[in-house]
There are 2 protein chains.
Amino acid sequence: MAKNTLKKLGLKLTPQRLAILNLLEGNTKHPSAEDIYNKLKPQYPSLSLATVYNTLEVLVKAGEVHEIRIKAGKRCFDPNPIPHGHFLCRICESVFDLDIKPLEIQTPCSIKGYLLENYMIYFYGICPECQEGDNIKDR
Amino acid sequence: MAKNTLKKLGLKLTPQRLAILNLLEGNTKHPSAEDIYNKLKPQYPSLSLATVYNTLEVLVKAGEVHEIRIKAGKRCFDPNPIPHGHFLCRICESVFDLDIKPLEIQTPCSIKGYLLENYMIYFYGICPECQEGDNIKDR
DNA sequence: TTGTTAGATTATAATAATTACAATCTTGTA
DNA sequence: TACAAGATTGTAATTATTATAATCTAACAA
């Protein structure tokens, strides 16, 4: 629940933050900052893109939301706390969750000496829907 | 050899492209487009940043060079054709190669239905050097 | 309730990375 | 050597993001 998340982090409870958190909660679409801004702007006309960025920054720093760098020039955000991989379809440009378990990648031999704090696995290709009917032309 | 790479790809053999390819060959520093530009500019004063970007684009599309998206707003490039992982040190901001074998991640159960063309594994933390002497203050 | 204040929001400017463009130049080939 | 396709260049435009400073508001105490 968005309210509890903000309280837990010692942040002020503002309508903008609640709206952003509510939009993210359970969201598997991996929106960008601008996606979030555009979705919320109609309901919160005073909302600023800066606020979206600010809010995302604190949420990411607190580990409540993960930053996904699967696309070239644009970050997107994922509220799912369970470790998992991501798949970018090169046709529809959507990002999908893949439930890669951490154990499948645990402690690779060559990581000795490095203090591992986090990791990300990104997959690239074509999603099931875009494989139908040779949508590849849509590239 | 840079010359052969260009011929293989049907690209014209220009001094700029040769210089870029030679700089990349065996390079494990993961330079950005600007790094490459700055390195070559003294020797090739006419070199344009646009040419660096253009050349990198064709090399990446041809699969000769890999694009690494481990840092937030900046891409970097890796000529190593052998599949491997990357580690970003949050102190010194360097990117290191880690020889994660493909088999360690091969065909995860949940990838069924997705046409997998490529994948990337990014690790985050502190590199061996930066762990010495509590450099963590330098964050 | 009201007043206070730290912190949040806002609009806008600034920055950084990358891409687009059009003019000029060069490589590869006839 | 001449030509044409393709490459390079400088610059402008674009895109994503961060910085700034003025204004506003949530939280708390009186």
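Within every chain, numbering begins at 1; the chains are lettered A, B, ... in the order of the sequence lines, protein sequences first and strands thereafter.
Rounded to an integer number of Å, the gap from Q16(B) CD to dT26(C) C1' is 9 Å. Taking atom CG of L11(A) as the reference point, atom P of dG7(C) lies 11 Å away to the nearest angstrom. Taking atom OH on Y44(B) and atom P on dT8(D), their separation rounds to 12 Å, with Å as the unit. Taking atom NZ of K61(A) as the reference point, atom C1' of dT18(D) lies 12 Å away to the nearest angstrom. As rounded to whole Å, 15 Å separates atom C1' of dA8(C) from atom CG of L9(A). What separates CD1 of I36(B) from P of dT8(D) is a distance of 14 Å, to the nearest Å. Between the C1' atom of dT27(C) and the CG atom of L18(B) lies a distance of 12 Å, rounded to the nearest Å. To the nearest angstrom, C1' of dG28(C) lies 6 Å from NZ of K12(B).
With sequence neighbours left out, the side-chain hydrogen bond (donor to acceptor under 3.5 Å, both in side chains) criterion links E117(B) to R90(A). Among residues two or more places apart in sequence or in another chain, the side-chain contact (heavy atoms from CB on, under 4.5 Å) test is passed with D78(B) by H30(B), I68(B), N80(B), H84(B), H86(B), D97(B). Contacts of E34(A) classified as salt bridge (Lys or Arg N to Asp or Glu O under 4.0 Å), with partners at least two apart in sequence or in another chain: none.
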Each nucleotide N or O in nucleotides 19-23 of chain D that has a protein N or O under 3.5 Å away: list the pair and distance.
none

Could you list, one pair per line, each protein nitrogen or oxygen that sits under 3.5 Å from a nitrogen or oxygen of nucleotides 14-17 of chain D, together with the distance?
residue: dA16(D); atom: OP1; partner: K74(A); partner atom: NZ; Å: 3.1
residue: dA16(D); atom: OP2; partner: E34(A); partner atom: OE1; Å: 3.4
residue: dA16(D); atom: O3'; partner: G73(A); partner atom: O; Å: 3.3
residue: dT17(D); atom: OP1; partner: R75(A); partner atom: N; Å: 3.1
residue: dT17(D); atom: OP1; partner: R75(A); partner atom: NE; Å: 3.1
residue: dT17(D); atom: OP2; partner: Y53(A); partner atom: OH; Å: 2.5
residue: dT17(D); atom: O5'; partner: Y53(A); partner atom: OH; Å: 3.2

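In terms of hydrophobic clustering, with Ile, Leu, Val, Met, Phe, Trp and Tyr side chains grouped at heavy-atom distances under 4.5 Å, V60(B) and I70(B) are assigned to different clusters.
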Checklist entry - So V58(A) and L9(A), side-chain contact (heavy atoms from CB on, under 4.5 Å) or not? Walk me through it. => result CA-CA 9 Å; V58(A) 298; L9(A) 302 177; 5.9 Å; no
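The ring of Y122(A) has its center no closer than 6.0 angstrom to the ring center of Y119(B).
Of the N and O atoms on the side chains of S32(B) and D35(B), at least one donor lies less than 3.5 Å from an acceptor on the other residue.
When atom types are taken as modelled, the side chain of R75(A) and the backbone of A72(B) share no donor-acceptor pair closer than 3.5 angstrom. Between the side chain of Q131(B) and the backbone N or O of I126(B) there is at least one donor-acceptor pair closer than 3.5 Å. Side-chain N or O atoms of K71(A) include none that pairs as donor or acceptor with a backbone N or O of C76(A) at under 3.5 Å. Between the side chain of E25(B) and the backbone N or O of M1(B), at least one donor-acceptor pair lies under 3.5 Å.
Axis orientation changes by 30° from one end of the helix from dT1(C)-dA30(D) to dA30(C)-dT1(D) to the other, with each end axis drawn from 5 pairs and the value rounded to 10°.
Look at T14(A) and you won't find any side-chain N or O under 4.0 angstrom from OP1 or OP2 of dA8(C). Close to dT10(C), at under 4.0 Å from its OP1 or OP2, lies a side-chain N or O of T51(A). Look at R17(B) and you won't find any side-chain N or O under 4.0 angstrom from OP1 or OP2 of dT27(C).
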